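Start at 1 and go down the list; that is how both ligands and their atoms are numbered. Here the structure is a predicted model, which is why all the values come from computation and not from measurement. We're numbering straight along the sequence, starting at 1.
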Amino acid sequence: SACDAGEWIKKMHPMWQEPLAIPGGERQSPIDISVRKSMFDPQLKPLVMKYDPRTCQQIWNNGYSFLVEYDDTTDKSTLQGGPLEDQFRLCQFHFHWGENNKWGAEHTVDHLLYPAELHLVHWNADRYSLFEEAVMEDNGLAVIGVFLKVGKRHEGLQKLVDALPAVRHKDSVVEFTRFDASGLLPENTQDYWTYAGSLTTPPLTEAVTWIIMKQPIEVSHDQLAVFRSLLFTSAEEDVQKSMVNNFRVQQPLKGRTVRSSFV
Ligand code: SG6
Ligand code: ZN
């Protein structure tokens, strides 16, 4: 799929640490969000997500995470508003998680570690005609981050969890349709932080407007355990490696401001 950094990852070790070349690194992600230092911006508009479940196509284990991929050839599943001036199209979502419930998310809030983080990846379809183009531009992508905390079972997530054993190995793909991504958003989507950052995997381009939801969603320990049963490795490899700790280390803020939509 085009909407993926897997092409770059394939050339590297599955548990790539710091890549050999970072593009300068003035606005890299993820970061720690300091609640005290974030600045309320009354100009920030409400977010408008319009996701059409009929654009959902497949799940793919790309050897770093699993991606739920959406048809992004038309404006059927879109994100607008918030800090964004343009309309962005949903192309995929994926998660980052840890080997246990003590860590796993990429962003932190006042250094608080959540066990997992959902990323809904969108590209700017007003300005660019392809994801590949948008990924190279500083206003090209908008990613919504949602923290997962352990609690009660998440009904909206369960259909996805049930499909995961079919994509246990790297490079496996399974048809997955009619999944409503808005079912994974927290109840309150109007309280968020936003800042200018980058992709958290190669090519690490500084293309992303990050929108991090204040309210986490609750998932059960058993649901996260199914994420951890996935593998970084393909069926052909002798030594199987569990897909865990697929997050990037935190990056310096370097003078950036994190804005909040709420007081
Ligand atoms: C994941 O994050 C995905 C991959 C890629 C990457 O690991 O496997 O598809 O996503 C948009 C994109 O290339 C980076 O996305 S992220 O910055 O939202 N974490
Ligand atoms: Zn991500």
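Near L67, meaning under 4.0 Å from one of its heavy atoms, ligand 1 places the atoms 3 (C), 8 (O), 9 (O). Short contacts between ligand 1 and Y64, defined as distances under 4.0 Å to a heavy atom of the residue, involve ligand atoms 7 (O). Listed by number with element, the atoms of ligand 1 under 4.0 Å from a non-hydrogen atom of F131 are 11 (C). Each of the following atoms of ligand 1 lies closer than 4.0 Å to a heavy atom of Q92: 4 (C), 9 (O), 10 (O), 11 (C), 12 (C). Listed by atom number, the atoms of ligand 1 under 4.0 Å from E106 heavy atoms are 19 (N). Residue-ligand proximity, T201 to ligand 1, at heavy-atom distances under 4.0 Å covers atoms 2 (O), 5 (C), 6 (C), 7 (O), 14 (C).
For H119, a nitrogen or oxygen atom sits less than 3.5 Å from a nitrogen or oxygen atom of ligand 1, counting backbone and side chain alike. Not one N or O of W210 is nearer than 3.5 Å to an N or O of ligand 1, by distance alone. The shortest N/O to N/O separation between H96 and ligand 1 falls below 3.5 Å.
The parts of T200 lying near ligand 1 are both backbone and side chain, judged by heavy-atom distances below 4.0 Å. Contact annotation: for L199 versus ligand 1, heavy atoms closer than 4.0 Å belong to both the backbone and the side chain. With a 4.0 Å heavy-atom cut-off, ligand 1 is reached by no atom of W123. Neither the backbone nor the side chain of L141 comes within contact range of ligand 1; no heavy atom lies under 4.0 Å.
The aromatic rings of Y51 and H122 sit parallel, their planes meeting at an angle under 30°, below the 60° perpendicular limit.
Here W193 and H107 keep their ring centres 6.0 angstrom or further from each other. For W60 and H94, the gap between ring centers reaches or exceeds 6.0 Å. If you look at F95 and F227, their ring centroids are closer than 6.0 Å. Taking the six-membered ring for Trp and the full ring otherwise, the centers of Y70 and F179 sit at least 6.0 Å from each other.
Under a cut-off of 6.0 angstrom, the local environment of CD in E85 is sparse, with at most 12 non-hydrogen atoms contributed by other residues, nucleotides or ligands. Atom NZ of K159 sits in a crowded spot, with more than 12 heavy atoms from other residues, nucleotides or ligands closer than 6.0 Å. Crowding of R256 atom CZ: a count of heavy atoms from other residues, nucleotides or ligands under 6.0 Å exceeding 12.
In this structure a side-chain-to-backbone donor-acceptor pair under 3.5 Å is missing from S234 to K170. Looking at S261, its side chain does come within 3.5 Å of a backbone N or O of Y192 through a donor-acceptor pair.
Checked against the Zn ion (ligand 2), the N, O or S atom of H119 at the shortest distance is ND1.
H96 contributes NE2 and H94 contributes NE2; the angle these two atoms make at the Zn ion (ligand 2) is 110°, rounded to 10°.
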